[in-house]
Undergrad: 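Supplied in structure tokens, the structure appears directly below.
Just so you know, these numbers use all the heavy atoms, side chains as well, and skip hydrogens, waters and symmetry mates. First the proteins, then the strands, lettered A, B, ... as listed; each starts at 1. In this text the structure is predicted, and so the values were computed from the model without any measurement.
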There are 2 protein chains.
Amino acid sequence: MTTMKAAQKRAQAKVEYNAFLAGCPSRQLLDRISDKWVVLILCALGGDNSAGQPGAAHADAPKAMRYSEISRLLIGVSQKMLTQTLRSLEHDGLLTRTVTPTVPVTVSYELTDLGLSLHHMTRGLRSWAQTHMAEVLANRENYDSRTS
Amino acid sequence: MTTMKAAQKRAQAKVEYNAFLAGCPSRQLLDRISDKWVVLILCALGGDNSAGQPGAAHADAPKAMRYSEISRLLIGVSQKMLTQTLRSLEHDGLLTRTVTPTVPVTVSYELTDLGLSLHHMTRGLRSWAQTHMAEVLANRENYDSRTS
DNA sequence: GAGAGAAACTTCCTATCGGGAAGTAGGCAC
DNA sequence: GTGCCTACTTCCCGATAGGAAGTTTCTCTC
């Protein structure tokens, strides 16, 4: 392991990990990142926290956010799932958790480089959902009228 | 709504779809596509069904697949979830379902253009999971040893 | 002509999971 | 001391995913 160059390791990884196989670690990883809260949290920390103009590819402004900020932005997330998801992301090295012993304790979360690389993917997902929303709604109506 | 001019509608649409809002349709859509089976099925139908050779960034070969083919490829999926997910994807217009009345009936599924556009995203997710697997595993070990 | 078998589901039961609400810790303000 | 603040943690329950067995329609075998 330690004798391999990074490039070699990466090359081998591609053959070894196949996300279609149930037992493969990469499958478990894919299962975990294919989660609505993971996607939303990464989008939030990645900086696309505005309403998000579809066309306007505003530059990433990955920023540190406090627990309560995230909870306020991701309307509908329960405290339990937020904490749980943040912990698992920290565990996987996608974000860092920093505790500042201020008056009431302050905890802030920030994407790591690894988390940022995944953010590029989740950002695409979110933007896809927003840009193709109308099309999907039309398809649903179409489908429902055909089958009725 | 119908009395609005196109420009006004467009202006409002920009604010209307925000995946961070719990009630927004795009949030529901994002929740649905941020699902492990959705991601895996799209990857399967999108054509990256091989283990993924290192150098060969093989071109997409989106192909029609039969129910049993998908079920065999996505090891671990239950028939119930496979059927359910395929139906919802068909409902949203991401794929087509074709029944051929052969000897034992043949049902084949194929991505639509819309599904194909989402496939670009899910493909990225899968490839991310496979390429960064080693890094994540290392982070986990690191984290566990720190906290123990 | 009575199974057996194959593809694509469908149904039922149970284990697991997510959401809601209430409880906790530790420090400060009143 | 009472209450409030943030960031959780715990408990309970309804929703959901998974496993396995049943269903349908045809054809092929014995």
Undergrad: According to a strict under-4.0 Å criterion, is A/Ser71 in side-chain N/O contact with OP1 or OP2 of D/dA7?
TA: no

Undergrad: Which whole-number value in Å describes the distance from B/Glu90 CD to C/dC9 P?
TA: 10 Å

Undergrad: When Ile, Leu, Val, Met, Phe, Trp and Tyr are grouped by side-chain heavy atoms lying under 4.5 Å apart, directly or through other members, which residues fall in the same group as A/Val103?
TA: none

Undergrad: In whole Å, I'd like the distance from the CG atom of B/Leu74 to the C1' atom of D/dA17.
TA: 16 Å

Undergrad: Phosphate oxygens OP1/OP2 of C/dA8: is one of them under 4.0 Å from a side-chain N or O of B/Tyr109?
TA: no

Undergrad: Decide whether A/Thr83 and A/Tyr67 meet the rule of one side-chain donor and one side-chain acceptor closer than 3.5 Å.
TA: yes

Undergrad: Thinking salt bridges, do A/Asp31 and A/Arg27 make one under a 4.0 Å N-O criterion?
TA: yes

Undergrad: Using whole Å, what does the distance between atom P of nucleotide C/dC9 and atom CZ of B/Arg66 come to?
TA: 11 Å

Undergrad: What's A/Thr106 touching, base or sugar-phosphate or nothing? Going by heavy atoms closer than 4.0 Å.
TA: sugar-phosphate

Undergrad: Taking NZ, NE, NH1 and NH2 as the nitrogens, is one of them in B/Asp35 or A/Lys36 under 4.0 Å from a carboxylate oxygen of the other?
TA: no

Undergrad: Apply the hydrophobic cluster definition, ILVMFWY joined by side-chain contacts under 4.5 Å directly or through others, and give me every member besides A/Leu21.
TA: B/Ile75

Undergrad: Assess, by modelled atom type and distance only, whether the side chains of A/Arg126 and A/Gln130 contain a donor and an acceptor separated by less than 3.5 Å.
TA: yes

Undergrad: Take nucleotides 19-30 of chain C nucleotide by nucleotide from the 5' end and write B, S or -, depending on whether a protein heavy atom sits under 4.0 Å from the base, only from the sugar-phosphate, or from neither.
TA: BB-B-----S--

Undergrad: Does D/dC8 have its OP1 or OP2 closer than 4.0 Å to a side-chain nitrogen or oxygen of A/Arg87?
TA: yes

Undergrad: Nearest to the side chain of B/Tyr67, which nucleotide is it out of C/dG18, C/dC9, D/dC8?
TA: C/dC9

